[in-house]
Amino acid sequence: WRRLDTILSPAFTRRTITHVRVHPTNKNQIWFTVGGTGTPHLYRIADTTQANPVLENVSGSGATGLPNIFTAWMAIDDQQPNSRWWVATDIGVFSTTNGGATWANATNALGMSVCEVS
């Protein structure tokens, strides 16, 4: 075991980590979602074995980023784990096909109504 919370910024002291996901073929890469509002909602640590692991925001930004709302969990496409992900939020499901650079609302495309997904 290795403690990773020491690399998190002070902003995380007021945030709840809602989900942790491990890469399906690389146990040293993890993602985690956070609840609340005011900061990004999906982060990745590409290599937890580094002396100083890098915390990367993969929420996107602006109109093509994840919305600034509660995020409950994420799923990863086992065939494209480095690029294709889904995130559940209080207003539906969002997806990315480019590793979090841009996000799109996938709720209707998945046949779901706009609703809280937990």
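The figures here come from the full heavy-atom set of this structure, side chains too, leaving out hydrogens, waters and symmetry mates. A quick note: this is a predicted structure, and the numbers were derived from the prediction, not measured.
The closest donor-acceptor contact from the side chain of S83 to the backbone of G99 lies at 3.5 Å or more, if one exists at all. A donor-acceptor pair is defined here as one N or O able to donate and one able to accept, closer than 3.5 Å; no such pair exists between the side chain of T16 and the backbone of G35.
Every side chain to side chain donor-acceptor pair (under 3.5 Å) that T96 has, sequence neighbours left out, goes to N98. Taking the side chain to side chain donor-acceptor pair (under 3.5 Å) definition, one finds that E56 meets it with R44, sequence neighbours left out. Looking at residues two or more places apart in sequence or on another chain, you find a salt bridge (charged side-chain N to carboxylate O under 4.0 Å, His left out) between D77 and R84. For N68, the side chain to side chain donor-acceptor pair (under 3.5 Å) partners at least two apart in sequence or on another chain are H41. For N57, the side chain to side chain donor-acceptor pair (under 3.5 Å) test picks out S59, with sequence neighbours left out. Shown here are the ring-ring contact (aromatic ring centres under 6.0 Å, His included) partners of W85, two or more places apart in sequence or in another chain: W31. With sequence neighbours excluded, the residues forming a side-chain contact (heavy atoms from CB on, under 4.5 Å) with T25 are H23, listed by chain and number. For the salt bridge (charged side-chain N to carboxylate O under 4.0 Å, His left out) test, no residue two or more places apart in sequence or in another chain qualifies with R21.
With values rounded to the nearest 0.5 angstrom, D47 atom CG is found 11.5 Å from N52 atom CG. For the atom pair OG1 (T48) and CG (N28), the distance works out to 4.0 Å, reported to the nearest 0.5 Å. Rounding to the nearest 0.5 angstrom, the gap separating the CD1 atom in I69 from the OG1 atom in T37 is 10.5 Å. The OH atom of Y43 sits 10.0 Å away from the OG1 atom of T71 when rounded to the nearest 0.5 Å.
Under the 4.5 Å side-chain criterion, counting only non-hydrogen atoms from C-beta, V87 is in contact with W103. The side-chain heavy atoms of W73 and V20, taken from C-beta on, include no pair separated by under 4.5 Å.
Listed by first then second residue, pairs satisfying salt bridge (charged side-chain N to carboxylate O under 4.0 Å, His left out) with a partner in residues 104-114 number zero, not counting sequence neighbours. Residues in residues 29-41 take part in no salt bridge (charged side-chain N to carboxylate O under 4.0 Å, His left out) pair, two or more places apart or across chains. Screening residues 22-31 for salt bridge (charged side-chain N to carboxylate O under 4.0 Å, His left out), with sequence neighbours left out, gives no hits. For residues 86-95, no residue pair satisfies the side-chain hydrogen bond (donor to acceptor under 3.5 Å, both in side chains) rule, not counting sequence neighbours.
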Margin query: Is there a side-chain hydrogen bond (donor to acceptor under 3.5 Å, both in side chains) between T18 and T33? Walk through the geometry before answering.
Written below: CA-CA 6 Å; T18 57; T33 60; 2.5 Å; yes

Next item on the list: Give the C-alpha distance, both sets of side-chain angles, the deciding distance and a yes or no for side-chain contact (heavy atoms from CB on, under 4.5 Å) between L66 and L42.
Entry: CA-CA 8 Å; L66 289 172; L42 180 63; 4.0 Å; yes

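In terms of hydrophobic clustering, with Ile, Leu, Val, Met, Phe, Trp and Tyr side chains grouped at heavy-atom distances under 4.5 Å, V58 and F94 are assigned to a common cluster.
Listed here is the closest heavy atom pair of G92 and T107: CA-OG1, 3.2 Å. Shortest non-hydrogen contact noted between P40 and V34 is O-CG2, 3.3 Å.
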